[in-house]
Each structure stands twice: as C-alpha cells, then as structure tokens.
Amino acid sequence: MTDRYAVFGHPIAHSKSPQIHAAFARQTVQDMTYEAILAPKDGFADSVAAFITAGGRGANVTVPFKEEAFRLAGRLSSRAERAGAVNTLRFDADGIFGDNTDGAGLVADLTRNLGCVLAGKRVLLVGAGGAARGVIEPLLAQQPAEVVIANRTVSRAQDLAALFGRGVRACSFDAADAPFDIVINATAASLAGELPPLSPRVFTADTLAYDMMYGRDTPFLDFARSHGAATADGLGMLVEQAAEAFTLWRGVRPDTAPVIAALRT
Ligand code: ATR
C-alpha cells in the first residue's frame, strides 16, 4: 500500500510542501503520497487522529499548530524539546514521535547552500517567538562566537536567552548597533510587509542577511542590501527542513539542490 504523508496547517493552500515532497519521492523512488490538510483551528488533534486511522505514516505541521503538535507527541527528539515546538511527526507502531527540523534546515541552507561558516561568527537573531526559538539550538551547535537575540519586546528575548544559557544574550533593537556576520530575521514582520526597527550599523559588506520568509523580497532584505549586506530568503531553509523530515520518515536523504532550483524558476 502507498504510504501517506501530509502537512497540517491553517491556512495551508499556499504550502509548497506537497510539491517539495513529491519531487523528493520521485528522485528517491519512494512509493508515497503527500497532501496538504486544512485542519480546523480547534481540531488539529482530531485531524491527525483521522489521518493516522486512514493510513498516515507521518506529517509536517505548520502555523498555528507547532506547539500543539509538541504536546501531541508521546516521544520527542531533543531538538524538538528545546524548540518547544514540533514541525515533523512520525506515526510509529508505539505512538507519535515529534521532531523539529526547522533549525537543521536553516543551518543546512546557511552552511551547505550559501557557503557560510558559522563557527566563531557573531549572529544576530531578530525576533523571539516560536520561529526564533526553533533555530537556536542547531545554530549553537555550529559554535558561533555568540548569538544575540534582539526583539521588540525585550523581555521575550531575555526569557528566550535564559532557556539556552551560555553563548546567547538578549538585547533591544536600540542596543544592537554593532556589526554582525549573520543577521537572521525570525520575526513575523515580513509577513505584514513591515521592517523590524534595526540599526543599519548591524550590516557591513561582509554581513549575510537572511530572512526566514520566502517567496518575495522583504523590507528587511531591501534594508540590508541598501546597507551593503549580501541577502538570502528562506526558500532554501524550507526545502532543507523538508529534506530532514523526509530522511526521518524514509531513511533516505534527497538531493535538495535541484528542488530549490526548480522552485526558484
Ligand atoms: P512566530 O511563531 O512566527 O515566531 P510569534 O511567536 O507570534 O510568531 O512571534 C512573532 C515575532 O515577530 C515576535 O518576536 C514579535 O515581536 P514581539 O515579541 O515584540 O511581539 C515579532 N514581530 C512581529 N511583528 C513585528 C514588527 N512589525 N517589527 C518587529 N518585530 C515584529
């Protein structure tokens, strides 16, 4: 029987995940389907249960269900535990396993696709919500000199930094005014077409500015570019987090480069 996978979200129609996983399945010759499922905002657990009953083997989870997926999983990877959120579920005979591949996806895109070395670098992480939290542990595993979290609501940045301890500190947007090697926008500002109020001094000609959002140029990337930085959007991260999930489910790692290239055209 063909194995079934899906992505759950609300909204979900815009998701590129079905296209990405179909490409991975073709490339690695896996007998599987992957669909997008719109779960009611108050019906995520029921939707997942129905999918499992119908033969679902695993799922991705996107906004707004990542925290609920975290609570739903009976077993968690350590990176999911630290992220406090789950974007990948695997339905095993003995229950639901939850993982979080977002941070690994970001790090893979930065290091493999963009040729960026994180070791010893100064990283500014902009935002202190779930998206930021999900990537901190995998970033720290690359041994940057430091990760500074800047957030509009400074107390959220402080609470987040406290979860990770050494190597991570919080600051306000005003206080972040020295150059960084890598500046990552993990705020929801780009979704609203807004610019986080960053100092232009964080950017130099050697800075890589990365927006986790993909699909269009954002005010953040425009601003960074106008101050000399190199820029990248989050499309590579999207494909890399999907590859990490696919590997967890199928035990075979797809080649992401042709899939990223196809999505770019
Ligand atoms: P997510 O799970 O996507 O991270 P979230 O938990 O709601 O969503 O967090 C959204 C993040 O974007 C927060 O860091 C938020 O800042 P506050 O904590 O101060 O609310 C940030 N954010 C949203 N809109 C923003 C804007 N226009 N400028 C700067 N930061 C913004």
Side-chain angles (χ1 to χ4, degrees), residues 7-12 14-17 39 41 44 60-73 79-89 98-107 109 123-139 147-164 168-177 180 182-203 209-224 227 233-235 237-238 241:
V7 57
F8 290 83
H10 192 122
I12 200 61
H14 65 283
S15 175
K16 291 189 190 300
S17 292
K41 283 205 170 133
F44 170 69
N60 286 129
V61 180
T62 187
V63 179
F65 300 125
K66 289 185 187 182
E67 281 83 11
E68 213 178 325
F70 175 85
R71 294 191 293 273
L72 190 67
R79 60 191 183 184
E81 227 159 282
R82 292 276 262 176
V86 155
N87 79 332
T88 302
L89 296 169
D99 194 4
N100 189 316
T101 66
D102 285 329
L106 171 67
V107 167
D109 194 34
V123 179
L124 179 63
L125 183 61
V126 188
R133 182 173 170 180
V135 300
I136 294 174
E137 178 169 300
L139 282 174
V147 174
V148 177
I149 306 170
N151 197 48
R152 190 172 55 183
T153 312
V154 182
S155 61
R156 281 188 89 187
Q158 287 164 339
D159 291 348
L160 191 53
L163 284 179
F164 291 89
V168 185
R169 68 181 172 88
C171 74
S172 65
F173 281 119
D174 285 345
D177 67 351
F180 283 85
I182 299 146
V183 181
I184 300 166
N185 184 16
T187 71
S190 297
L191 284 172
E194 290 165 3
L195 177 68
L198 276 172
S199 162
R201 283 190 289 275
V202 302
F203 302 110
Y210 191 101
D211 201 319
M212 286 198 200
M213 205 182 101
Y214 60 85
R216 66 182 134 96
D217 218 17
T218 65
F220 166 77
L221 292 181
D222 261 353
F223 182 68
H227 291 94
D233 76 355
L235 187 72
M237 174 180 172
L238 176 77
Q241 65 75 28

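Just so you know, ligand 1 is whichever comes first in the structure, and atom 1 is the first atom listed for that ligand.
Less than 4.0 angstrom separates atom 1 (P) of ligand 1 from at least one non-hydrogen atom of the protein.
When every heavy atom of Leu139 is checked against every heavy atom of Leu106, the shortest pair comes out as CD2-CD2, 4.2 Å. The minimum heavy-atom distance between Lys16 and Tyr214, with the atom names listed, is CE-CE1, 3.6 Å. Across every non-hydrogen atom of Lys66 and Val61, the tightest pair is CE-O, 3.5 Å. Between Ala128 and Asn151, the shortest heavy-atom distance links the atoms N-OD1, 3.2 Å. Scanning all heavy atoms of the two residues, the minimum distance from Asp211 to Ser190 falls at OD2-OG, 2.8 Å.
For Arg152, heavy-atom contacts with ligand 1 shorter than 4.0 Å involve the backbone as well as the side chain. With a 4.0 Å cut-off on non-hydrogen atoms, Asn151 touches ligand 1 through its side chain and not its backbone.
Within the listing of ligand 1, atoms 1 (P), 2 (O), 4 (O) sit less than 4.0 angstrom from a heavy atom of Ala131. Taking a cut-off of under 4.0 Å to the non-hydrogen atoms of Gly127, the atoms of ligand 1 that pass are 14 (O). Listed by atom number, the atoms of ligand 1 under 4.0 Å from Arg156 heavy atoms are 6 (O), 9 (O), 13 (C), 17 (P), 18 (O), 20 (O).
Of the listed options Ala85, Pro196, Pro219, Pro196 places a heavy atom closest to atom 29 (C) of ligand 1.
When only interatomic distances are considered, the shortest N/O to N/O separation between Ala128 and ligand 1 falls below 3.5 Å. Below 3.5 Å of separation, one finds an N or O of Gly130 facing an N or O of ligand 1.
Gly129 CA, 3.5 Å is the protein heavy atom nearest to atom 9 (O) of ligand 1. With respect to atom 19 (O) of ligand 1, the closest heavy atom belonging to the protein is Thr153 OG1, 2.5 Å. The protein heavy-atom contact nearest to atom 27 (N) of ligand 1 is Glu194 OE1, 2.5 Å. Ranking protein heavy atoms by distance to atom 12 (O) of ligand 1, first place goes to Ala188 N, 2.9 Å. For atom 21 (C) of ligand 1, the closest non-hydrogen atom on the protein side is Thr187 CB, 3.6 Å.
No hydrogens or angles considered: a donor-acceptor pair under 3.5 Å links the side chains of Asn87 and Thr101. Residues Asp174 and Ser172 bring no donor and acceptor atom of their side chains to less than 3.5 Å of each other. Tyr210 and Asp109 form a side-chain donor-acceptor contact under 3.5 Å, judged by distance and modelled atom types alone.
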Under the side chain to side chain contact (heavy atoms under 4.5 Å, CB included) criterion, do Phe8 and Leu89 qualify, and how do the steps go? CA-CA 10 Å; Phe8 290 83; Leu89 296 169; 5.9 Å; no
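Using a 4.0 angstrom heavy-atom cutoff, Ala192 does not count as in contact with ligand 1.
With rounding to the nearest 0.5 angstrom, the CE atom of Met212 is 10.0 Å from the CZ atom of Phe220.
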